[in-house]
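Notes for the one structure printed next.
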Amino acid sequence: MTDSLPISAQASAPYLAGLNDSQRDAVLATEGPVLVLAGAGTGKTRVLTTRLAHILAARRATPGQLLAVTFTNKAAREMRERVEAIIGRPTGSWWIGTFHALGARILRRHAEKVGLKSNFTILDADDQLRLVKQMTEGAGVDTKRFPDRAVLALIQRWKDRGLTPDRVTAAEGGDDRRLLAAYTRYQDRLRELNAADFGDLLLHCLTLFREAPEVLADYQRGFKYMLVDEYQDTNVAQYLWLRALAMGHNNLCCVGDDDQSIYSWRGAEIANILRFEKDFPGAKVIRLEQNYRSTGNILAAASGLIANNGGRLGKTLWSAGEAGDKVQVRGTWDGEDEARCVCEEIEALQNRGVSAGRMAILVRAGFQTREFEERLITVGVPYKVIGGLRFYERQEIRDAIAYLRVVAQPDDDLAFERIVNVPKRGLGTAALRTLHEAARAGRMSLTQAAERLLRTDELKPKPRGELAKLLEDFTRWRAMAGAERPADLTAIVLDESGYVEMWKQEKSPDAQGRVENLRELVASLADFDALGGFLEHVALVMENDDAEESEKVSIMTLHGAKGLEFDVVFLPGWEERLFPHQRALEESGAAGLEEERRLAYVGLTRARRKAYVSFAGSRRVYGRWEPAVPSRFIDELPPAHVEVAGTPGVYGGGAVREIERPTGLFSDDDAFAPRQRRRQRAPVIDADSWQVTPPPKKESRFAAGQRIFHQKFGYGRILAVDGDKLEIAFDKAGTKKVMESFVEAA
DNA sequence: ATGTACAAGATTTTT
DNA sequence: TCTTGTACAT
């Protein structure tokens with residue numbers, strides 16, 4: 001196979017089998033810029049991986065000449081695996097990865113050109129916030145009007161737009177001198193700490209490309225082909241980064257769907273995809289419009305909804321499959337009632353053989369998961385919340401990592417500060433202040449300042465002794481770092497520092513879990529030979545440990561659901577103010593509404609066979625009962641593809657738009673709470689096409705009176721046993737009915 | 001240095 | 001409602 005291989009011969013390659021014409025075009029259009037406008041469920045990722053494999057199989061480029069960019073590590077991993085499967089050999093260290101991971105890689109090679117050392121630390125969100133706090137204090141920022149979080153958000157926004165402090169214009173918010181000063185100081189401080197935040201991984205690259213043209217030219221020559229997934233989610237910095245790199249060979253292939261751009265709030269620029277053809281003259285635009293995922297009614301409902309948005313590139317999705325069931329819309333009394341309805345439907349589907357792993361509940365905001373969790377626990381349906389606190393974001397894990405960071409880099413002040421008094425060593429605010437003052441006066445790190453302070457009597461005897469001991473510990477651990485493997489070293493550090501002991505002594509219900517998490521951390525370190533490599537992994541790769549059993553109902557936010565698909569999708573909470581979210585409307589007006597609508601579109605198009613939309617008549621918002629109004633998005637669903645659940649007549653047999661909005665008050669019980677009739681409605685499902693897995697029956701291993709422990713509710717005593725359901729009086733959470741599988745003996 | 005009491009604020013989130 | 005943070009007392 002050579003470059004001169006005729007297209008027809010290439011097209012007969014086995015990995016192209018099963019692609020439709022436009023997919024094949026997208027794979028084979030190998031020279032010049034390509035934009036693949038791919039709708040939901042059209043197999044865009046498949047196209048991208050096949051294209052990557054094709055370029056390699058046809059020997060148009062060697063592995064090192066390819067750059068494939070994704071947004072998440074998960075996507076990168078999947079792409080890597082699929083390409084390996086196609087070409088039948090491992091990809092090794094090819095350049096397949098996230099923007100940030102690839103940016104970090106380039107930056108490490110040339111760190112000194114932007115004022116960093118190549119072993120710079122990558123900060124997490126918590127470190128960033130603490131740093132901003134220090135900066136705003138000095139700069140005299142009005143913290144009432146601009147809380148630290150807001151300042152950090154602003155700094156991140158500047159970074160997302162590729163703006164270093166000297167490039168922030170008045171129009172970008174740089175007219176506030178104090179905020180700009182805070183940003184400048186923040187960046188200076190990062191350099192002092194030899195640290196970079198996530199934004200810097202790209203921002204410093206841009207500076208590097210600008211100030212060292214020879215470096216840029218090198219990479220431009222190197223990357224013969226570049227591929228980008230989810231292009232609609234790129235921010236300005238990422239766009240500039242890509243454009244700079246692609247300038248050499250001009251073989252940039254971007255895949256994206258303007259209708260699925262849902263990240264503008266974190267800097268994504270939908271304009272990037274809209275003006276691709278202007279940016280890359282002569283670009284070939286290929287549309288993928290055949291949807292392979294959803295049944296006809298779901299696709300039509302989603303398409304009808306998104307048609308309400310202006311400024312689209314416009315695609316007409318179609319499906320060759322069956323029409324399937326209509327999208328079900330249901331009004332419920334309140335949030336609890338809604339959760340009950342959804343869970344009943346889940347149970348009904350399970351009884352018809354739909355396994356839990358094929359169903360998902362997609363919510364607008366994180367707090368909505370609670371009601372569903374509680375209900376699912378009560379009825380005993382296994383579930384998993386995806387995207388809550390990730391493993392490496394948990395407090396105990398971050399503390400442990402802070403210890404490791406100080407071992408690896410004595411001058412990592414942020415990490416040192418985090419653990420200096422954890423567990424409590426009597427080194428509180430006063431001692432820390434003294435340390436800070438000494439560090440500032442001597443222009444040195446906290447560790448260095450601490451060493452110097454120990455030789456004076458500025459600290460009282462007790463804190464002085466503790467500090468001396470801590471420093472000795474670190475010196476000893478550092479000496480071990482060469483000989484011990486990272487996993488063993490970590491176990492030693494966690495033990496000798498008293499950190500594990502601290503959690504063992506703690507009485508709260510989750511303390512036990514935290515100790516286990518620490519153990520898990522040590523286990524996960526087994527794969528690493530060097531501490532530095534692990535710390536980079538933690539900062540950048542943060543794998544979501546969702547490898548656990550898949551036979552669970554997934555609960556996640558709509559944002560978290562992008563790129564996934566399920567047979568059955570529940571979309572609760574379609575109410576004005578919640579969805580579209582009031583904040584989105586207040587902050588971004590019409591544009592915000594359109595993004596919310598895209599979010600609704602993403603939600604609906606996750607469903608292969610069944611989609612259930614629901615809303616509640618009233619909902620508790622921060623403890624207050626607030627009347628809720630059905631979302632305007634419900635009105636926008638085309639009636640022909642929607643089926644209204646509940647009492648016929650109330651909704652006029654499917655005319656959802658007859659619901660008056662906004663009303664505000666719901667005096668008529670019946671209108672929103674078809675409670676009594678709910679059970680009579682059997683879901684209409686083509687049973688043949690579902691895999692049948694009969695629900696297992698269980699016998700209880702518990703007896704009344706027994707003490708137990710529950711992951712979520714803590715300790716309690718069993719009052720009654722009913723099959724596999726237990727009634728338990730919890731010490732803290734009150735009396736609840738839970739499934740025994742969630743409970744262990746205390 | 002640590003504990004208590006009360007006010008304020010409470011999306012979406014990857015890296 | 002519930003969590004988090006800050007002011008003040010111990």
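Chain identifiers are assigned alphabetically (A, B, ...) following the order of the sequence lines, protein sequences preceding nucleic acid strands; residue numbering begins at 1 within each chain.
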Does OP1 or OP2 of dT11(B) have a side-chain N or O of Thr557(A) closer than 4.0 Å?
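So the side-chain polar atoms of Thr557(A) never come under 4.0 Å of the phosphate oxygens OP1 or OP2 of dT11(B).
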
Under 4.0 Å from OP1 or OP2 of dT14(B): is there any side-chain N or O of Asn73(A) that close?
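Looking at the OP1 and OP2 atoms of dT14(B), neither is under 4.0 Å from any side-chain N or O of Asn73(A).
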
Write down the distance between [atom1] ([X]) and [atom2] ([N]), rounded to a whole number of angstrom.
{"X": "Leu564(A)", "N": "dT14(B)", "atom1": "CG", "atom2": "C1'", "result": "14 Å"}
{"X": "Arg149(A)", "N": "dT4(C)", "atom1": "CZ", "atom2": "P", "result": "10 Å"}
{"X": "Glu230(A)", "N": "dT13(B)", "atom1": "CD", "atom2": "C1'", "result": "14 Å"}
{"X": "Gln582(A)", "N": "dT11(B)", "atom1": "CD", "atom2": "P", "result": "12 Å"}
{"X": "Phe367(A)", "N": "dT3(C)", "atom1": "CZ", "atom2": "P", "result": "15 Å"}
{"X": "Gln368(A)", "N": "dA10(B)", "atom1": "CD", "atom2": "C1'", "result": "14 Å"}
{"X": "Glu371(A)", "N": "dT1(C)", "atom1": "CD", "atom2": "C1'", "result": "12 Å"}
{"X": "Gln232(A)", "N": "dT14(B)", "atom1": "CD", "atom2": "C1'", "result": "14 Å"}

Ala430(A) near the nucleic acid: base, sugar-phosphate alone, or nothing, with a heavy-atom cut-off under 4.0 Å?
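Sugar-phosphate only.
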
Hey, does Gly366(A) reach any base, or is it just sugar-phosphate, or nothing, if we go heavy atoms under 4.0 Å?
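If one applies the 4.0 Å heavy-atom cut-off, Gly366(A) turns out to touch the sugar-phosphate alone, with no base involved.
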
Kindly write out the residues that satisfy ring pair (Phe, Tyr, Trp, His ring centres under 6.0 Å) with [X], not counting sequence neighbours, or none if the list is empty.
{"X": "Tyr263(A)", "value": "Trp265(A), His559(A)"}
{"X": "Tyr186(A)", "value": "none"}
{"X": "Phe633(A)", "value": "Phe579(A)"}

If we require ring centres under 5.5 Å and near-parallel planes under 30°, does Trp265(A) stack on dT12(B)?
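Yes, aromatic ring over the base.
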
Choose from [options] the nucleotide whose nearest atom is closest to any side-chain atom of [X].
{"X": "Arg364(A)", "options": "dA1(B), dT11(B), dT2(B)", "result": "dT11(B)"}
{"X": "Ala431(A)", "options": "dA1(B), dT12(B), dA10(B)", "result": "dA1(B)"}
{"X": "Ala365(A)", "options": "dT13(B), dT11(B), dA1(B)", "result": "dT11(B)"}
{"X": "Asn421(A)", "options": "dT12(B), dT2(B), dT15(B)", "result": "dT2(B)"}

List the residues meeting salt bridge (Lys or Arg N to Asp or Glu O under 4.0 Å) with Glu336(A), not counting sequence neighbours, and say none if there are none.
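In terms of salt bridge (Lys or Arg N to Asp or Glu O under 4.0 Å), with neighbours along the sequence ignored, Glu336(A) is linked to Arg340(A).
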
Side-chain H-bond candidate by donor/acceptor type, Gln232(A) with Asp259(A), under 3.5 Å
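Judged by distance alone, the side chains do not pair up.
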
With DNA chain B as reference, determine whether Ala584(A) or Thr72(A) sits nearer its 5' end, using the nearest nucleotide of each.
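Here Ala584(A) is the residue nearer the 5' end.
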
Residue whose closest nucleotide on DNA chain B lies nearer the 5' end, Gly426(A) versus Met556(A):
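Closer to the 5' end of DNA chain B: Gly426(A).
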
Give me the distance, rounded to whole Å, that separates dC2(C) from dT13(B) when you measure between the P atoms they each carry.
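Approximately 22 Å lies between the P atom of dC2(C) and that of dT13(B).
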
Kindly indicate, with the supporting measurements, whether the criterion salt bridge (Lys or Arg N to Asp or Glu O under 4.0 Å) is fulfilled by Lys159(A) and Asp200(A).
CA-CA 7 Å; Lys159(A) 293 192 174 189; Asp200(A) 284 342; 2.7 Å; yes

Taking only distance into account, with no hydrogens and no angle test, what donor-acceptor pairs under 3.5 Å do side-chain atoms of residues 117-125 of chain A form with protein atoms, sequence neighbours excluded?
residue	atom	partner	partner atom	Å
Asn119(A)	OD1	Asn194(A)	ND2	3.0
Thr121(A)	OG1	Asn194(A)	O	3.4
Asp124(A)	OD1	Asp126(A)	N	3.1
Asp124(A)	OD1	Asp127(A)	N	2.9
Asp124(A)	OD2	Arg398(A)	NH1	3.1

Near DNA chain B, which residues from residues 95-106 of chain A have a heavy atom under 4.0 Å away?
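By residue number: Thr98(A), His100(A).
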
When you measure from the side chain of Arg394(A) to the backbone of Asn517(A), do you find a donor-acceptor pair of N or O atoms at a distance under 3.5 Å?
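No; judged by distance alone, with no hydrogens or angles, the pair does not exist.
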
Does any N or O donor sit under 3.5 Å from an N or O acceptor when you compare the side chain of Arg266(A) with the base of dT13(B)?
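Such a pair does not exist between side chain and base.
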
